[in-house]
Enquirer: 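I am attaching a structure below and will ask some questions about it afterwards.
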Amino acid sequence: MAHDDKIKDDKEHAHEHGPGRYFVIWILLLVFTLTTVVTGRMDLHGANLPVALLIATIKATLVVLFFMHLWDSEGINRLVFGVSILFVMVLLLGVFGDLLTRSPAALPLGAPVPALDDSAPVVPEHAPRMNP
Amino acid sequence: MSSSSALPHGEPHGEQHGEEDPHSNPHLAHHFDSMETQNHASRLGMWLFLGTEVLLFAGLFLGYSVYRHFYPHTFREASRHLNLVMGTINTIVLISSSFTVAMAYYSVKKGRNKAAAALLAFTILCALTFLCIKGFEYHHKFEEGALPGKWFHFQEMEGMPGANMFFTVYFLSTGLHAFHVIVGMAILIWVLRRLLRGDFNPTYYIPVELGGLYWHLVDLVWIFLFPLLYLI
Amino acid sequence: MNQHADSSALAPTEARVYQEINYLNADRGVASWLKTLDHKRIGVMYFVSVLLAFLLGGIFAMIVRLELTTPEPTLISANTYNRMFTLHGMVMIFLFMIPAIPGVFGNFCLPLMLGAKDVAFPRLNLLSLYVYWTGSALVLWGVITGGADTGWTFYAPYSTTTPMTLFPVLFGVFILGFSSILTGLNFIVTIHTLRAPGITWMKMPLFVWAIYATSIIQVLATPVIGLTTLLVGIEKVGGFGLFDPGRGGDPVLMQHLFWFYSHPAVYIMVLPAMGVMSEIIAAYARKNIFGYKMIAYSSLGIAFVGFFAWGHHMFVSGQSPFDDGAFAVISMLVGVFTAIKVFNWVGTLYRGAIYVSGPFIYACGFLFFIVFGGMTGIAVATVSLDVHWHDTYFVVAHFHFIMVGAVIMAFLAAIHYWFPKMFGKMYHEGWSMVAAVFIVLGFNATFIPQFLLGNAGMPRRYYMYPERFTTLNVFSTAGSTLLAFGFIIIAIYLIWALKYGDIAGPNPWNSKGYEWLTSSPPIKENFEHTLDYPEEPHTYHEPGEEVEHVVI
């Protein structure tokens, strides 16, 4: 068959590594889980979200590359996964491009409102009364 | 590649590499020329399907991001009201189940079917454990009144802007995830059944691989849900 | 099979032979059809299904047009009118436009064009058909039990608070999404793994490239609409408040999620149509396709850029002006890729040996409508203009120019091109040209007035309108009647041809497409022997060779 996907034959898939690889990755995942639990509830002055996302991304990368064998796999599989992640980013970017630049009138009650000058967004002090 | 259906099995037209006729392999479909191509096709199909699952959860992660952006203090406060111990245990359970399902795949590749069966069974047990713990958590939330939308009557967070929104996002994302855990469990049970029936061996184990891939996706989603909902 | 015929000869060189034992009669009985794994049979079943869906959607359209013949209430109540245009949109888009060309011609032609025996996952293919039937049945149940009145876009908060039971329609759409995903997934894997030796990526027919780009969109975008229907359904039933401003929610978020799929969805509809056009224009101009690589890459380009443009549906919804501008600019890029294709098609026609028949008339209509539909698309993508045109008939005319003017012309062209291959019979070409003229003229009469109406300020989805718009509305309704008449003529001579048509033979058009290298109708296994593919697709003469410039 003409297939430009370079198919690695099953021999390549089979003999590349031993079982130890899975064990090491598992331990690493547990270590990172511990790290994120410890750092997650600490006060990192605004860095909580990026740190948590970074650790989660590292864990996910380990699972995808080694448990899911994308490390040894054909290029097209990697492209498929990569492209789907890319489009998740596109979705987030497009929506946040909207949210971050909206006028206050178009934002939900209680949401941070962009200040008129370039200072930090103003968060309302009192929660507005919501519908029951 | 012969298209004539009259060609008898075993005729040596596929002996390019001095191997057996590939079409004598009962697992080879008539429209594929080799098991390698067929396996590659199966794997690619599965990765495409996993891509669709990523995009499906993307919408919920978007919902989380949007409402976290709108209500940062509320979301931070609300995560403290989720049970960190249960969440952490569930994370460890899922990560370990990913490990065991990967080991099960490795074992089948090596012909160690008994070990593979035990590992698969353990994975399924982990899935069940996850669901039970989730069930406890949901029950607790019901009692507290920390529920989505119009059902929200959680005293401790009354009056905080967007408090109900956190629990809406929580229930929607963990609910959809739990649904996928159930589906994943069903798939693994089906794979285990076939393994016990003797369907798999070192030359044919693609369903184990594909079932494992699906299970890993379930783990992947949780790897992101856990810190976003429980920690920060 | 002599494929080196003199390119100026029009009469096919192979004898017109009907393949006696073929995929249609190889296995007998209803059960053999319902359990088939043959992509050709699945394509035929999709064909019948989507035509029924088109009929239903068309009936809703006629009811809408008849109601709009007078400014006052004409036939139905306002509530019923809301349901009619909603169901027209939903049935046409989800039950017809999205599945049609991929499901019918993608299924039938793709393996033939790749020299394969079937698609990669024949059982998934059958499953996609069953899922399509299930989703359609749910939508039909919804239609019968009152339907939906939200517009096909079912925006929150109306969709989450309307007293109508949206559930069957929404759930039906959710299920139909899976059919689309399975089809796309199948085609991508087929193209990657089942190309015959000799068919490299750059020797694939352009219809295959179009299907490839379409399938990528189907796989990536459809899950998001699945989630959106789920969330709206849950909010409606459970009061979750995700999009409810009264509970801190953001209704515009729903629109973001909705259009993230629904804009790429229009490329799911138009890309296969463009692929059909590449095949048809090369075949009926009997000339090498001009700019093969550019057409192939521009298909991928449209698929890619199409994902970045969704906000142009939300210019006046509350989206920020920054995002408005960003989406506007990106939307213009799609026009570049479309224009590339149009220039290439025209370049193919130039100095070609044109054979005027039904498909060619549809191709002419297609070129005209995609240019005007596309240009008005660029116009409505301009924020300052869309502020006035949004939710008027201008937008309605724009998208019907593309969806009917381009896509349905291509669908009809595809039917008339591949009918001889699928069924081994020829229809009456004279009648096909008459019908094509009715369709093209009827289309113009229906939708050009709508541009004028929209520009003059007539809103869409309105039950009544000011007196001064009456003439144009009557004109539009008259045009739609002509359109309907054209479709009826087509149905008659095609059904007649199935039984009484002349034998077509393997290649009545003397086309260079790979699917013509087998019998008509094809045998179940597609090809008798493995074939060589020395020539590229759409190759009618050697580069530099003098083309006999004949018009027949």
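Letters A, B, ... mirror the listed sequences (proteins, then strands); counts begin at 1.
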Enquirer: Out of A:F81, A:F96, A:F32, which one racks up the most heavy-atom pairs below 4.5 Å with chain B?
Expert: A:F96
Enquirer: Is a side-chain donor or acceptor of A:R102 paired with a backbone partner of A:A106 at a separation under 3.5 angstrom?
Expert: yes
Enquirer: When rounded to the nearest 0.5 angstrom, what distance separates NE2 in B:H180 from CG in B:L217?
Expert: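 That separation rounds to 7.0 Å.
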Enquirer: Can the ring centres of A:F66 and A:Y22 be said to be less than 6.0 Å apart?
Expert: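 No, ring centres 6.0 Å or more apart.
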Enquirer: Checking B:V101 against chain A: side chain, backbone, both or neither under 4.5 Å from a heavy atom?
Expert: neither
Enquirer: Hey, are B:E77 and B:H81 close enough side-chain-wise for a donor-acceptor pair under 3.5 Å?
Expert: yes
Enquirer: Pick one of side chain, backbone, both or neither for B:L220, based on which atoms fall under 4.5 Å of a heavy atom in chain A.
Expert: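 For B:L220, the contact with chain A is made by the side chain alone.
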Enquirer: When the aromatic ring centroids of B:F130 and B:W222 are compared, is their separation below 6.0 Å?
Expert: yes
Enquirer: Could you pull out all residues at least two apart from B:E137 that satisfy salt bridge (charged side-chain N to carboxylate O under 4.0 Å, His left out)?
Expert: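 B:E137: salt bridge (charged side-chain N to carboxylate O under 4.0 Å, His left out) contacts with B:K134.
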Enquirer: Who among B:R80, B:M46, B:H153 has the most heavy-atom pairs with chain A under 4.5 Å?
Expert: B:R80
Enquirer: Determine, for A:R21 against A:D72, whether the closest basic-nitrogen to carboxylate-oxygen distance falls under 4.0 angstrom.
Expert: yes
Enquirer: With sequence neighbours excluded, give me every side-chain hydrogen bond (donor to acceptor under 3.5 Å, both in side chains) pair touching residues 36-59 of chain A.
Expert: A:T33-A:K59
Enquirer: Would you mind telling me which of B:Y64, B:F70, B:Y67 makes a ring pair (Phe, Tyr, Trp, His ring centres under 6.0 Å) with B:F75?
Expert: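 It is B:Y64; the other options fail the test.
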Enquirer: Report, in residue-number order, which members of residues 83-99 of chain B are under 4.5 Å from chain A by heavy-atom distance.
Expert: B:L84, B:T88, B:T91, B:I92, B:I95, B:S96, B:S98, B:F99
Enquirer: Give me the contact list for residues 224-232 of chain B versus chain A, heavy atoms only, anything under 4.5 Å, ordered by residue number.
Expert: B:F224, B:F226, B:P227, B:L228, B:Y230, B:L231, B:I232
Enquirer: Measure the acute angle between the ring planes of B:F49 and B:Y214, then classify it against the limits of 30° and 60° as parallel, tilted or perpendicular.
Expert: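 Plane angle under 30°, so parallel.
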Enquirer: Centroid-to-centroid, B:F166 to B:Y71, below 6.0 Å?
Expert: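 No, ring centres 6.0 Å or more apart.
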Enquirer: So for A:V37, is it side chain, backbone, both, or neither that comes closer than 4.5 Å to the heavy atoms of chain B?
Expert: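 Backbone plus side chain of A:V37, per the 4.5 Å heavy-atom cut-off to chain B.
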Enquirer: Heavy-atom distance under 4.5 Å between the side chains of B:L60 and B:V169, does that happen here?
Expert: no
